[in-house]
Q: 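Below you'll find the structure I mean.
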Amino acid sequence: MHYSEFGLSNTKTLLKRAMRDGYAVPAFNFYNMETLMAILRAAEITQSPIILAVSESALKYMTGDILMGMIRGAKYKRGQIALHLDHGHSFEICKYACDLGFSSVMFDGSNLPLDKNISESKRIAQHVHKFNVSLETELGVLSGIEDENTKSKSHLYTDPNIVKDFVKQTDTDSLAISIGTSHGAYKRKSANESLRFDILEQIANNIPNTPLVLHGASSIPQKYVNTINKFGGDIKNARGISPSQIRRAISMHIAKVNVDSDSRLAFTSAVRKAMANNPENFDPRQYLATGMDEITKNCIDEIQNIMGSGYKIN
Ligand code: G3H
Ligand code: 13P
Ligand code: ZN
C-alpha cells in the first residue's frame, strides 16, 4: 500500500521545512503499541511533526502486518508524521518497507566500501523515488582522525571532502553523518567531551541544501539511570550527549535527530519503579501504562527543549 493512504508524509517534506525554519524533526524509535502510542501522544500535545522510526529488528519483532495495523488504527494529524525504516541494510528490506506503506527509508551502507555504498544507495534511491518515498543514507566513516578529547581513534568521522560527490551521485534526500555520537547508553567518557562541530561546519558548507541527520543523539537523562539503578538495575556510567550540544548541532543544519535509548530508559525506569512499589500487582497494563506515560513525558521534554519542533505543523 502507498503511504499516502495512511495520511503519512515523507521525510523530504518534513526536513525541508525544518531546514528552512531552523529546528530538527525528532525521529523516535518504537517497537510495540505502547511505544507507538506514547510517541504519538507527545506529538499531539506539542503539535510537533515527528518521524516514527522502525529498525530492522523492530520490524521483525512487530511483523509488518501488525505494525501497519497499528499505524492504520492510530490517530494522528495527516501530513505531519513520517514512518521511517531506520538502518536498513539491504535493497530488499528498503523495498519491503516501501511496499508496506513506509514513507521514508534509511539505507545504511556506512560499513561498505565507498563505491559499493554509492552504487547501492543510488539503486535504492531510484526505486523508492518512484513512489515519492524519501531516502536517508549514511556516508562511510573516515577512520584515523584522532579524537582531540580522548586521544583515541575510537570515534570515526565523516569525511567532509566527499559528501558533495556522494549526495550528487546517490540522489539521497538526507545524509546521516558521524561527528562523535554513538548508539546506546554509554556514549561519552566524560560530560564535557565535545562533538566535532568543526567537521559538521565543513559538511554543512559543502552540502548546504541537504538535510543532515544525527544518529545516536540520546541525552541519557541521569534521573532515569538513577531510578533504574535504585530499583534493581545495573547501568552504571551511562552517559549521553548534552542537550546544549544537540541544540548547537541543530543550529548548524542537523534537521533530523534520532532518539531511541532515552525512550528505553524512560520506559524501563517507570516500569521498574511501578513493579517495586506495587508488588501485589500482576496486571501488565498497570506498569506498561506508567512506562508509556514516561516516554510521552520525555518526548515532550525533548521536543520542547532540544528539537524546537513544537507548534511547527501546518
Ligand atoms: O540505531 C539503532 C536503534 O537504536 C535501533 O536498535 O536494532 O535494537 O532496535 P535495535
Ligand atoms: P540512541 O541510542 O542515542 O538513542 O540513538 C538512536 C538512533 O540513532 C536510532 O537510529
Ligand atoms: Zn541510528
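Every number for a ligand or one of its atoms is a count from 1 in the order of the listing. Computed over heavy atoms, backbone and side chain alike; hydrogens, waters and symmetry mates excluded.
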Q: Looking at I45, is its backbone amide N or carbonyl O close enough to the side chain of Q47 to form a donor-acceptor pair, meaning the two atoms are under 3.5 Å apart?
A: no
Q: Output yes when the distance from some N or O of ligand 2 to some N or O of D260 is under 3.5 Å, and no in every other case.
A: yes
Q: Rounded to 10 degrees, what angle sits at the Zn ion (ligand 3) between H87 NE2 and H215 ND1?
A: 90°
Q: Any side-chain to backbone donor/acceptor pair from S103 onto S9? Under 3.5 Å, distance only.
A: yes
Q: Given that the side chain starts at C-beta and the backbone is N, CA, C, O, which of these parts of T181 lies under 4.0 Å from ligand 2, counting heavy atoms, or is it both or neither?
A: neither
Q: Please check if the side chain of S134 supplies one atom and the backbone of K12 the other of a donor-acceptor pair under 3.5 Å.
A: yes
Q: Side chains of residues 13-29: which donor-acceptor pairs under 3.5 Å do they make with residues two or more places apart or in other chains?
A:
unit_1	atom_1	unit_2	atom_2	d
T13	OG1	N10	OD1	2.5
N29	ND2	D86	OD2	3.1

Q: Identify, for atom 7 (C) of ligand 2, the protein heavy atom at the shortest distance, and state residue, atom and that distance.
A: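 For this ligand atom, the closest protein heavy atom is H183 CD2, 3.3 Å.
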Q: Are the side chain of N117 and the backbone N or O of G109 linked by a donor-acceptor pair below 3.5 Å?
A: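 Looks like yes, one N/O pair under 3.5 Å.
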Q: Mind checking what makes salt bridge (charged side-chain N to carboxylate O under 4.0 Å, His left out) contact with R248, not counting sequence neighbours?
A: none
Q: Judging by distance only, is a nitrogen or oxygen of H215 under 3.5 angstrom from one on ligand 2?
A: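 For ligand 2, there is an N or O atom that lies under 3.5 Å from one belonging to H215.
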Q: Give the residue, atom name and distance (to 0.1 Å) of the protein heavy atom nearest atom 8 (O) of ligand 2.
A: G216 N, 2.8 Å
Q: In terms of residue, atom name and distance, what is the protein heavy atom nearest to atom 10 (O) of ligand 2?
A: D86 OD2, 2.6 Å
Q: For ligand 2, which part of A217 has a heavy atom less than 4.0 Å away: the side chain, the backbone, both, or neither?
A: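 It is the backbone that gets close, since no side chain atom is under 4.0 Å.
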Q: Please identify which atoms of ligand 1 are closer than 4.0 Å to at least one heavy atom of D260.
A: 3 (C), 4 (O), 5 (C), 6 (O)
Q: For S178 and L156, indicate whether the former's side chain and the latter's backbone hold a donor-acceptor pair under 3.5 Å.
A: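 Yes, S178 side chain to L156 backbone: donor-acceptor pair under 3.5 Å.
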Q: Using distance alone, with no hydrogens and no angle criterion, decide if N298 and E302 have a side-chain donor and acceptor under 3.5 Å apart.
A: yes
Q: Show the atoms of ligand 1 that are less than 4.0 angstrom away from any heavy atom in H87.
A: 1 (O), 2 (C)
Q: Do F6 and M68 come close enough that some side-chain heavy atom pair is under 4.5 Å?
A: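 Touching, per the 4.5 Å side-chain cut-off.
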Q: Of all the N, O or S atoms in H183, which one sits nearest to the Zn ion (ligand 3)?
A: NE2
Q: Which residue supplies the protein heavy atom nearest to atom 6 (O) of ligand 1, what is that atom called, and how far is it?
A: R264 NH2, 3.3 Å
Q: Tell me whether M106 reaches ligand 2 (any heavy atom closer than 4.0 angstrom to a ligand atom).
A: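 No, that is not the case, since the closest heavy atom of the residue is not under 4.0 Å from the ligand.
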Q: Would you mind running through ligand 1 and noting each atom that sits below 4.0 Å from a heavy atom of S57?
A: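 Those qualifying, in numeric order: 7 (O), 8 (O), 9 (O), 10 (P).
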Q: Could you list which atoms of ligand 1 come closer than 4.0 Å to a heavy atom of D86?
A: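 In order of number, 1 (O), 3 (C).
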Q: Does ligand 1 come near enough to H215 that some N or O of the ligand is less than 3.5 Å from an N or O of the residue?
A: no
Q: Check this for me: does any side-chain nitrogen of one of R239 and E193 sit under 4.0 Å from a carboxylate oxygen of the other?
A: no
Q: Tell me whether G184 has any N or O atom under 3.5 angstrom from an N or O of ligand 2.
A: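 Yes, there is a polar N/O contact under 3.5 Å.
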Q: So, are E92 and K95 salt-bridged, with charged N and O less than 4.0 Å apart?
A: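 A salt bridge is absent here (no side-chain N lies under 4.0 Å from a carboxylate O).
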